[in-house]
Structure formats: C-alpha cells, structure tokens
Participant: 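Provided herewith is a single structure, encoded as structure tokens, for subsequent inquiry.
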Amino acid sequence: QVQLVESGGGLVQAGGSLRLSCAASGRTFSSYTMGWFRQAPEKEREFVASISWRGGITDYADSVKGRFTISRDNAKNTVYLQMNSLKPADTAVYYCAASPYSSASYQSDRYVYWGQGTQVTVSS
C-alpha cells in the first residue's frame, strides 16, 4: 500500500515557476515508477512526466519537454516536478501516481496509487 500526498501548487503568472512535491508513505516507494498527470476543467486527464524507480529513465509529454523536470529522492520517499516557463495552458489539477510496472510511463491504467491532486493556476 502506498499513500501519496501532493503539495506545492498555487497561483503563478505566465513565465513563472513552481515545484510540486509528492510525499509517499510505505517502505516500497523506491520500487515504483512514479508519474505526474494533470486534468484541466472539462478535459481528460493527461500524462505529464514519469520517472523510473532508480531515476535513470524519465519521460515527458511533448507539451512540457524542456520546461518541466521530474526527479525523485528515494531516501525521502518524495518525487518532484519542477515546472518552469509556465503557460496558462498548464493550468490544471496535478496528480502524482505510483506504478509497480517499470514500463508504465504515460499509461495511466498501469498506475495503481494516486494522490488527491494539487491545483496549479497560471495567469496570463
């Protein structure tokens, strides 16, 4: 069992930065692929980024490549999403998720545990 709690969301102007954190409970955190997804109002949830259990493999949605960076600290049971050059189109609720599958990447149905989400609002 893994419980995930996101933090770090908020209101920021376009061009600004935010860092999201996802704290995980459970001793097996380091064995999970971790991902970030987001859902904007009236839109489907979409993949943002993922990171392998050791952190050596990362994957990003095309819309955030070069602007967002995912990282993890297994000693702290925490995964991060550094978001730079934010755009109004990045406005969404951001969710952290954990998958026992090394190949999970963008496939949301392979993620077993989900956090409650944190709101990110980017003003123009």
Side-chain angles (χ1 to χ4, degrees):
Q1 187 80 7
V2 176
Q3 293 185 325
L4 305 172
V5 179
E6 303 96 336
S7 62
L11 174 64
V12 64
Q13 289 188 333
S17 298
L18 282 174
R19 188 175 83 154
L20 304 184
S21 298
C22 173
S25 65
R27 293 179 295 173
T28 59
F29 169 79
S30 62
S31 65
Y32 285 85
T33 296
M34 299 300 296
W36 286 97
F37 291 78
R38 67 186 182 186
Q39 187 167 18
E42 301 182 357
K43 292 189 176 181
E44 292 188 355
R45 183 173 57 193
E46 65 175 0
F47 168 75
V48 176
S50 65
I51 188 166
S52 61
W53 67 280
R54 280 188 175 179
I57 299 174
T58 58
D59 194 13
Y60 297 92
D62 288 343
S63 59
V64 307
K65 277 182 182 176
R67 299 188 299 123
F68 291 11
T69 302
I70 189 170
S71 61
R72 67 189 297 163
D73 185 338
N74 287 340
K76 295 183 177 179
N77 279 11
T78 302
V79 62
Y80 305 97
L81 185 68
Q82 177 67 43
M83 306 185 296
N84 299 328
S85 302
L86 282 161
K87 306 174 181 179
D90 295 318
T91 295
V93 176
Y94 283 71
Y95 297 92
C96 172
S99 171
Y101 303 105
S102 60
S103 60
S105 187
Y106 61 89
Q107 302 174 82
S108 62
D109 59 352
R110 298 181 75 80
Y111 288 81
V112 177
Y113 302 106
W114 293 81
Q116 293 299 306
T118 185
Q119 176 70 48
V120 171
T121 303
V122 184
S123 63
S124 58

Participant: To check you understand the geometry: which heavy-atom pair defines the closest contact between A49 and Y60, and what is its length?
Facilitator: CB-CD2, 3.6 Å
Participant: Heavy-atom distance under 4.5 Å between the side chains of S63 and R38, does that happen here?
Facilitator: yes
Participant: So, for V112 and P100, which heavy atoms are closest and what is the spacing to 0.1 Å?
Facilitator: CG2-CD, 3.5 Å
Participant: If two hydrophobic side chains count as joined below 4.5 Å and joins carry through other members, does F37 share a cluster with V64?
Facilitator: no
Participant: Just to verify, which of T58, D90, L20, N84 counts as forming a side-chain contact (heavy atoms from CB on, under 4.5 Å) with F68?
Facilitator: D90
Participant: Could you see if L81 belongs to whatever hydrophobic cluster contains V12? Use Ile, Leu, Val, Met, Phe, Trp, Tyr and a side-chain cutoff under 4.5 Å.
Facilitator: yes
Participant: How many angstroms lie between atom CE of M83 and atom OG1 of T69, to the nearest 0.5 angstrom?
Facilitator: 11.0 Å
Participant: Are V93 and F47 joined in one hydrophobic group, where the rule is that I, L, V, M, F, W and Y side chains link up if heavy atoms are under 4.5 Å apart?
Facilitator: yes
Participant: Should C96 and W114 count as side-chain neighbours, where that means a heavy-atom distance under 4.5 Å?
Facilitator: no
Participant: Going from OG on S30 to CH2 on W53, what distance comes out if it is rounded to the nearest 0.5 angstrom?
Facilitator: 7.0 Å
Participant: Going by heavy atoms in the side chains, are T33 and Y111 under 4.5 Å from each other?
Facilitator: yes
Participant: Could you check whether the rings of Y32 and Y113 sit parallel, tilted or perpendicular, using 30° and 60° as the cut-offs?
Facilitator: perpendicular
Participant: For S52 and R72, which heavy atoms make the closest approach, and how far apart are they?
Facilitator: O-NH1, 2.9 Å
Participant: Could you report the tightest heavy-atom contact between L18 and L86, atom names first, then the distance?
Facilitator: N-CD1, 3.9 Å
Participant: In Å, rounded to the nearest 0.5 Å, how long is the span from NZ of K43 to OG1 of T91?
Facilitator: 10.0 Å
Participant: So, for A24 and F29, which heavy atoms are closest and what is the spacing to 0.1 Å?
Facilitator: CB-CD1, 3.3 Å
Participant: Given side chains that start at C-beta, do those of S99 and Q107 come closer than 4.5 Å, heavy atoms only?
Facilitator: no
Participant: What is the distance from atom OG of S17 to atom CZ of R19, rounded to the nearest 0.5 Å?
Facilitator: 12.0 Å
Participant: Could you check whether atom CD of E46 has more than 12 heavy atoms from other residues, nucleotides or ligands sitting under 6.0 Å from it?
Facilitator: yes
Participant: Which pairs count as ring pair (Phe, Tyr, Trp, His ring centres under 6.0 Å) when at least one residue sits in residues 80-102, sequence neighbours excluded?
Facilitator: none
Participant: Which pair of non-hydrogen atoms, one from C22 and one from M34, has the smallest distance, and what is that distance?
Facilitator: SG-CE, 4.4 Å
Participant: To the nearest 0.5 angstrom, please state how far the CZ atom of R110 sits from the OG atom of S102.
Facilitator: 8.0 Å
Participant: For L11, does the CG atom sit with more than 12 other heavy atoms under 6.0 Å from it, leaving out its own atoms?
Facilitator: yes
Participant: Determine yes or no for a side-chain-to-main-chain donor-acceptor pair under 3.5 angstrom, with E6 supplying the side chain and Q116 the backbone.
Facilitator: yes
Participant: Just to verify, what does Q3 make a side-chain hydrogen bond (donor to acceptor under 3.5 Å, both in side chains) with, not counting sequence neighbours?
Facilitator: none
Participant: So does S123 get a backbone contact from the side chain of Q13, meaning a donor-acceptor N/O pair under 3.5 Å?
Facilitator: no
Participant: Calculate, to the nearest 0.5 Å, the distance between atoms CD1 and OG belonging to I70 and S50 respectively.
Facilitator: 6.0 Å
